[in-house]
K.L.:
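Quick one: this structure, given as structure tokens, is what I'll be asking you about.
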Amino acid sequence: MPSGRERGGGGRSGRRRGDHAPGRPPTVGRFWSARRIPAALTALVLLGAAGLLLYDLAAVRAHRPGMQWRRDLAARLAQHTPADPEVLAAAGVLAVAGAVLLVLALTPGLRGVLPMLPPRDGAGDGTGIRAGLGRKDAALVLRDRAMEVSGVRSARVRVGRTRVAVRAASHFRELDDVRADLEAVLAVGIGELGLAHPPQPRVRVSRAADGKR
């Protein structure tokens, strides 16, 4: 079964295996993205802006004229007030950019990976290794389980953080019986995935159209 791994110390993670109370399941947090691309772009922009300002400051200290773009910017800023539309528009853009950066910094980001429970035997305690299962992989496993139910001709499965949405088409048997069997099979299948936060199944069964395969 495909899985993702993360070593402790490389990012934010949940509590370690030995930190939970006896008789209670361990608390496992979500995987955090490294955010390499946003962090690299932000660092490059800030580095370039700081380099230009330092160069211009050094030039002025050396009794040389400042850069033309800074003098033009100072002249334009002297002609505008905070109530001008251009200033308000620029402030809005900067505020949105700051909000996006805050969201990227405060949210896990790896929504496609579901955290799994650590081994119960305690093997590897303290290693900081965590396992995760991709949503698409989990959906494939549960779809195979759903197709094993008698009367199911086709099934679509979408796995989310809290719910598993299943839409099945049945070509024989009563729809209520097929739905009950699907719910039982999916409950077992979700439990066998070993997820730290098992999602709840939501099953919809409809009659398959004639000639549909």
Side-chain angles (χ1 to χ4, degrees), residues 1-39 42 96-149 152 154-169 178-206:
M1 185 180 300
S3 63
R5 293 198 172 188
E6 175 187 61
R7 288 196 172 271
R12 303 188 184 183
S13 60
R15 297 167 61 184
R16 299 176 66 174
R17 288 190 179 94
D19 294 342
H20 61 280
R24 296 182 180 180
T27 302
V28 181
R30 294 174 58 188
F31 286 86
W32 283 76
S33 173
R35 310 285 191 185
R36 291 183 177 89
I37 295 179
T42 305
V96 171
V100 171
L101 292 177
L102 285 177
V103 171
L104 292 177
L106 299 177
T107 56
L110 292 179
R111 300 180 59 86
V113 180
L114 301 174
M116 301 178 68
L117 286 172
R120 294 184 179 180
D121 55 5
D125 238 355
T127 59
I129 297 178
R130 301 175 57 205
L133 180 65
R135 292 189 184 186
K136 294 182 179 180
D137 301 321
L140 289 175
V141 173
L142 296 179
R143 181 185 179 278
D144 291 341
R145 287 297 191 92
M147 293 299 297
E148 295 176 357
V149 175
V152 176
S154 62
R156 294 182 180 180
V157 180
R158 177 177 295 180
V159 178
R161 288 181 54 196
T162 59
R163 293 189 181 277
V164 176
V166 180
R167 293 185 178 183
V178 176
R179 183 182 298 106
D181 291 347
L182 277 173
E183 291 176 349
V185 168
L186 290 172
V188 175
I190 293 173
E192 292 178 349
L193 292 178
L195 300 177
H197 310 286
Q200 298 298 320
R202 176 179 293 179
V203 181
R204 296 182 180 180
V205 182
S206 60

K.L.:
Please indicate whether Arg135 has more than 12 foreign heavy atoms, meaning atoms of other residues, nucleotides or ligands, lying under 6.0 Å from its CZ.
P.N.:
yes
K.L.:
Rounded to the nearest 0.5 Å, what separates atom CG in Leu186 from atom CD in Gln200?
P.N.:
11.5 Å
K.L.:
What is the minimum heavy-atom distance between Val178 and Val149, and which atoms define it?
P.N.:
O-CG1, 4.4 Å
K.L.:
Closest approach of Met116 and Leu193, non-hydrogen atoms and distance?
P.N.:
CE-O, 3.2 Å
K.L.:
Do Val152 and Asp181 have side-chain heavy atoms sitting under 4.5 Å apart?
P.N.:
no
K.L.:
Determine the minimum heavy-atom distance between Val203 and Glu183, stating which atoms define it.
P.N.:
CG2-CG, 3.8 Å
K.L.:
When rounded to the nearest 0.5 angstrom, what distance separates CZ in Arg204 from CZ in Arg167?
P.N.:
5.5 Å
K.L.:
Roughly how far apart are Arg179 CZ and Ser206 OG, rounded to 0.5 Å?
P.N.:
9.5 Å
K.L.:
Got Pro199 and Ile190 here, is their nearest side-chain heavy-atom distance under 4.5 Å?
P.N.:
yes
K.L.:
Let me confirm one number: the NE2-CG distance from His197 to Leu117, rounded to the nearest 0.5 Å.
P.N.:
8.0 Å
K.L.:
Report yes if the side chains of Leu182 and Val205 come closer than 4.5 Å at any heavy-atom pair, otherwise no.
P.N.:
yes
